[in-house]
There are 2 protein chains.
Amino acid sequence: MLAARPLPPDPDIARSGAVHTLVAELRAMIAAEGLVTGDSLPTERELSERFGMARNTVREAIGVLRAYGVIEVRPKVGAVLINRHLSAALDVFSFQLSISPETFADIQGFRQLVEVNLFDALAPHLTMADLARLEAQNAAMLAAPDVAACAAADYAFHHALVAIAGNATLRDVYRIMEPVILRLMETGKETRGRDMAHASHAAIIRALREGDRLAYQYFMADHLHQGLGFFTATTPEAAP
Amino acid sequence: MLAARPLPPDPDIARSGAVHTLVAELRAMIAAEGLVTGDSLPTERELSERFGMARNTVREAIGVLRAYGVIEVRPKVGAVLINRHLSAALDVFSFQLSISPETFADIQGFRQLVEVNLFDALAPHLTMADLARLEAQNAAMLAAPDVAACAAADYAFHHALVAIAGNATLRDVYRIMEPVILRLMETGKETRGRDMAHASHAAIIRALREGDRLAYQYFMADHLHQGLGFFTATTPEAAP
DNA sequence: ATCCCCATTCGTTGGACCAGAATATGGTTA
DNA sequence: TAACCATATTCTGGTCCAACGAATGGGGAT
């Protein structure tokens, strides 16, 4: 079962076959007919008839397009064009995202970079409803029955914070990091307890409510630094 | 509206159906059996028998995994695990037909958030060689023969900047966004010329060399704001 | 306008055939 | 006998076909 081959001499993905050609033809057809987001493709049977291929082959090609975030197929209505390429690409990227110490460090560093400096992107969109939701999520963290639920609530708080900024790319990036962040938070909860995180969140919310940029940055940096501290102690290699 | 949804983080994508569950099960199987790059999966017929699904369904799931860059299927050999999810993500994102103005603004906003605040993550790792390379790339942008090459050099500059921070995950995310950033830069070059970008880059490098955090933030924000400004000013209605 | 029924469409299944590659087989020769 | 090469066999993926179930949108009846 274990492959003994050194490495495939053909690094190229299969560029032949009916499915691949059909994907290319569909792409060309979309471009030729000027279809835009929201338009729908013909039915599978019609496509199979038009291109002279079996419906299973058409389905496989459509599956590729769906995995690529180009179309979204709804039963009875057909395949409609969507604009979710980046989300799909990030999904693909994160499919095998390993939960390793390096990834932990990367993502925690990314969170510091983003969340501490998020205030300016956040403030213009912030509403009272947002603040109420953040407080509800913070309360839910305290009421969580176990560590996993607590970590989930913690993640929900930060994800909601990021979502308020209204940047779909940033939200997608956070979404793909969710499993890693959850693991990170669970470990943190086990070592530090949840009260500290709750207090930090409350301070962050207060700073947001008062529009205090410096206070927000201070509390957020402090909050994230707590999470970073525990695990840098467990990673031997953090240099160059 | 805030009903306690247990698990669906993204209700957009279809998270049901035999194909999706099989993808998840295959993913779990790979993790459970500790399969690594080079190992091979059972045959389609064996999988269909083991999971009680038709071979066509198994094929669709395998097609998804192949589109995700997780496996590469060779005739007679079967599906072997590969480690190409990053390049697969690049393929996915390059596949897109048209880039919407929303995506442009979105990614530019993401870049602002990241790159403007990158200084603190950058400074500890910055070396003289890094500065020299940045200057070389900036010079290359000026010497580029055409707009595409100029945009490529521009992207190389920013990618190198992000890479210096030493965050591999962030660097990969930037690589995934490369096609869109390139398109963005090409359009910018056509309207604004390259001298302005070159001057901004030079100012950024100077700020880095002098360790001037505020100057770096100022010039980077200005630089990225130019790119955003042109685009928001010239957002035409998408091709109907 | 509302409700109900039906036709259409996707989702999935089971089976079939074909081309090609890996392997076993058998014959040939040193 | 043993090494070697050509052939036959046997998998495996790639494609196609026919069919059924479930869900849903639309059209007709009220």
Side-chain angles (χ1 to χ4, degrees), chain A residues 1-26 29-30 35 38-82, chain B residues 8 11-26 29-30 35 38-82 84:
Chain A
M1 188 68 81
L2 294 182
R5 288 181 171 261
L7 254 191
D10 43 7
D12 296 16
I13 309 176
R15 293 294 186 206
S16 65
V19 174
H20 180 263
T21 60
L22 181 53
V23 168
E25 287 189 48
L26 285 177
M29 189 190 79
I30 292 171
L35 301 181
D39 295 342
S40 58
L41 266 55
T43 68
E44 294 178 356
R45 287 180 179 84
E46 188 175 339
L47 286 176
S48 75
E49 183 184 358
R50 185 188 302 191
F51 293 102
M53 288 170 169
R55 196 163 79 93
N56 286 57
T57 309
V58 174
R59 288 199 98 251
E60 292 195 23
I62 285 182
V64 172
L65 258 52
R66 188 172 52 176
Y68 275 38
V70 176
I71 61 175
E72 179 186 28
V73 41
R74 284 192 285 264
K76 182 63 181 176
V77 86
V80 299
L81 266 72
I82 59 176
Chain B
D12 309 309
I13 303 178
R15 291 295 187 199
S16 64
V19 174
H20 179 263
T21 58
L22 182 54
V23 168
E25 287 190 55
L26 286 177
M29 189 189 78
I30 292 171
L35 300 181
D39 295 346
S40 59
L41 264 56
T43 68
E44 293 178 356
R45 289 177 174 86
E46 186 175 340
L47 286 176
S48 76
E49 184 183 0
R50 184 189 302 190
F51 292 101
M53 289 170 168
R55 194 164 81 93
N56 280 332
T57 309
V58 174
R59 288 202 97 250
E60 292 196 26
I62 285 183
V64 172
L65 257 53
R66 186 173 53 177
Y68 274 39
V70 177
I71 60 175
E72 179 186 29
V73 40
R74 285 196 289 263
K76 184 60 184 177
V77 169
V80 299
L81 266 72
I82 58 178
R84 205 167 285 160

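Residue numbers start from 1 in every chain, and the chains themselves are labelled A, B, ... in the order their sequence lines are given, proteins ahead of strands. Since the model is a prediction, treat every value here as computed from it, not as a measurement.
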- Note on the structure: Shortest non-hydrogen pair, Leu47(B) vs Pro42(B), comes out as CD1-O, 3.9 Å
- Query: OP1 or OP2 of dT13(C) sitting under 4.0 Å from any side-chain N/O of Thr57(B)?
  - Reply: yes
- Message: Distance under 4.0 Å to a non-hydrogen atom of chain A counts as contact; along DNA chain D, which nucleotides mark the start and end?
- Response: dT15(D) to dG25(D)
- Message: For Ala67(A) versus Ala67(B), what's the shortest heavy-atom pair and its separation?
- Response: CB-CB, 4.1 Å
- Note on the structure: From CG of Leu22(B) across to C1' of dT12(C) the rounded distance in Å is 12 Å
- Item | Least distance between heavy atoms, Glu44(B) atom then Val58(B) atom | O-CG1, 4.0 Å
- Task: Report the distance from atom CD of Glu44(B) to atom P of dG15(C), rounded to the nearest whole Å.
- Result: 16 Å
- Task: Would you state whether a donor and an acceptor, one from the side chain of Arg55(A) and one from the base of dG11(C), lie under 3.5 Å apart?
- Result: yes
- Task: Kindly give the heavy-atom pair with the smallest separation between Ala61(B) and Leu26(B), and that separation in Å.
- Result: CB-CD1, 4.4 Å
- Query: Could you go step by step and tell me if Glu46(A) and Phe51(A) meet the side chain to side chain contact (heavy atoms under 4.5 Å, CB included) rule?
  - Reply: CA-CA 9 Å; Glu46(A) 188 175 339; Phe51(A) 293 102; over 6 Å; no
- Task: To the nearest Å, give me how far apart CD1 (Ile62(A)) and C1' (dT12(C)) are.
- Result: 15 Å
- Earlier contact from the 5' end, DNA chain D, for Asn56(A) and Val77(A): Asn56(A)
- So Leu81(A) and Ile30(A), side chain to side chain contact (heavy atoms under 4.5 Å, CB included) or not? Walk me through it. CA-CA 9 Å; Leu81(A) 266 72; Ile30(A) 292 171; 3.5 Å; yes
- Note on the structure: Residues Leu35(A) and Asp39(A): closest non-hydrogen pair is CA-OD2, 3.5 Å
- Task: Take atom CZ of Arg45(A) and atom C1' of dG11(C), then tell me their distance rounded to the nearest Å.
- Result: 10 Å
- Message: Using the side-chain heavy atoms of Lys76(A), tell me which of these nucleotides is nearest: dC17(C), dT8(C), dA22(C).
- Response: dT8(C)
- Looking at Ala79(B) and Ile71(B), what are the two nearest heavy atoms and their distance? CB-CD1, 3.8 Å
- Any N or O donor-acceptor pair linking the side chain of Arg59(A) to the base of dT12(C) at under 3.5 Å? no
- Message: Rounding to an integer number of Å, can you tell me how far Glu72(A) CD sits from dG11(C) P?
- Response: 11 Å
- Task: Check each residue of residues 46-54 of chain A for a non-hydrogen atom within less than 4.0 Å of any atom in DNA chain C, then write out the ones that pass by number, or none.
- Result: none
- Task: Taking only the side-chain heavy atoms of Val73(A) (C-beta and beyond), determine which of dC10(C), dT12(C), dC17(C) contains the nearest atom.
- Result: dC10(C)
- Task: Examine distances only and state if a side-chain atom of Thr57(B) and a backbone atom of Met53(B) form a donor-acceptor pair shorter than 3.5 Å.
- Result: no
